[in-house]
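Working notes for the structure below.
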Protein chains: 2
Amino acid sequence: MAQKTKEKKEPPKGSREACARQILDVVPRAMRLLRREMRKEAGQGLSVPQLRVLAFLSGSPGASLSAVSDFAGVADATASAMVDRLVRRELVTRETDPEERRRVCLGLTAEGAALLGRARARARTRVAQNLAVLSGSELASLDDGLNLLRRVLEAAAEAQDRP
Amino acid sequence: MAQKTKEKKEPPKGSREACARQILDVVPRAMRLLRREMRKEAGQGLSVPQLRVLAFLSGSPGASLSAVSDFAGVADATASAMVDRLVRRELVTRETDPEERRRVCLGLTAEGAALLGRARARARTRVAQNLAVLSGSELASLDDGLNLLRRVLEAAAEAQDRP
DNA sequence: GCCATTAGTTAGCTCCACTAACTATAAGTA
DNA sequence: TACTTATAGTTAGTGGAGCTAACTAATGGC
């Protein structure tokens, strides 16, 4: 019954372990591709995390730093440094909230918004070009898979809050 | 009526652009999860790229540095530094090939192989736990999607060689 | 008024990744 | 043979991402 033939230590096909193995293999590769596409003129000097932060701020103007760190899934200090780099490039505004003076109000500058628009569109286009090797139905399958992966990530994020 | 009401500039559903958008969103999140699972006792102090290099050397003993950089998809200098860190931790052996004295022969030490085995198994298990939220058929769909993504990555890698 | 909590920042570390410049070996060629 | 070119790695220098720990400053509760 689904007994594996003890070839090394391969997990049974279709199992969670096999899928985990796939994730461990494919996700880092995909991430590398994204980074490289970003660096190659697509991202106008923005890193992937930076693009993500800009996109977040675009959708949540006035957000606090902890909102950013929460969204990005990194420590406060990391988010602070990331935001600081963006502020120095004048892509993001950072001012203390008049009420709640420990809070900080983040937002995009005009330049930041413009750059986000360009970088986002280009990155998407570049990735889309790479997707040309798939047929329409394959594209749909990939989309389904990504949605499932998203669900897994959301569940994992929740699980991390209350372990 | 899954017709969207023209919210901003959403690309048509199921298009390559929509899928690219998904990838841009989901892959970085997934990568973050992997990194964190690795750091949290799963990876015994190994980073994701380090684990990947060890796994590669496990399957290709005697590989050269350029083989590593090729596999990892990074510049030679990056691979050299990565390998150097592993050598300093005594997880990897590095000796010059007697024939072809500019070449280098890489391999795992016993400790490296043991650590790889542990870290790999644990990382897989941790990720597999997160997959528990999916049903069997969903798991299969995710697996399919990952295989498609893998194909895209391979095509992209080839395209990068001759642009 | 004091104390605990909360929001961010700073400092110090490691790793990843890049480019450019360099060394050393090998292979080709005049 | 000597000169040149190509190949394999390393070194140096830069910058971003991520972490923890320790700190400042503001708020809120008691």
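Here is the naming used below: chain letters follow the sequence lines, and residue numbers restart at 1 for every chain.
Contacts of A:Ala81 with the nucleic acid, taken as non-hydrogen atoms under 4.0 Å apart, are absent. Contacts of B:Thr96 with the nucleic acid, taken as non-hydrogen atoms under 4.0 Å apart, are absent. Using a 4.0 Å heavy-atom criterion, one finds that B:Arg88 contacts no nucleic acid atom at all. Residue-level contact check: A:Ala79 touches neither bases nor backbone, having no heavy atom under 4.0 Å from any strand. Residue B:Ser66 is classed as a sugar-phosphate contact, given heavy-atom separations below 4.0 Å to backbone atoms only. Within the 4.0 angstrom heavy-atom criterion, only backbone atoms of the sugar-phosphate kind lie near B:Ser47; the bases stay farther away.
Summary of the strand contacts: A:Arg35 and A:Val83 both lie near DNA chain C, and taking for each the nucleotide with the nearest heavy atom, the more 5' one is attributed to A:Val83.
Between A:Thr78 and D:dC19, a side-chain N or O to OP1/OP2 separation shorter than 4.0 Å is present. The phosphate of D:dT10 (OP1 or OP2) has a side-chain N or O of B:Arg94 nearer than 4.0 angstrom. Between A:Arg103 and C:dT9 there is no side-chain polar atom (N or O) within less than 4.0 angstrom of OP1 or OP2.
A donor and an acceptor atom sit less than 3.5 Å apart, one in the side chain of B:Arg102 and one in the base of C:dT25.
Residue A:Glu100 qualifies as enclosed at atom CD: its count of foreign heavy atoms under 6.0 Å is above 12.
Regarding A:Arg39, its CZ atom lies at a distance of 9 Å from the C1' atom of C:dC16, rounded to whole Å.
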* To do: Go through B:Arg88 and B:Asp84 one step at a time and tell me if the salt bridge (Lys or Arg N to Asp or Glu O under 4.0 Å) criterion holds.
  => CA-CA 6 Å; B:Arg88 276 203 296 264; B:Asp84 198 57; 2.5 Å; yes
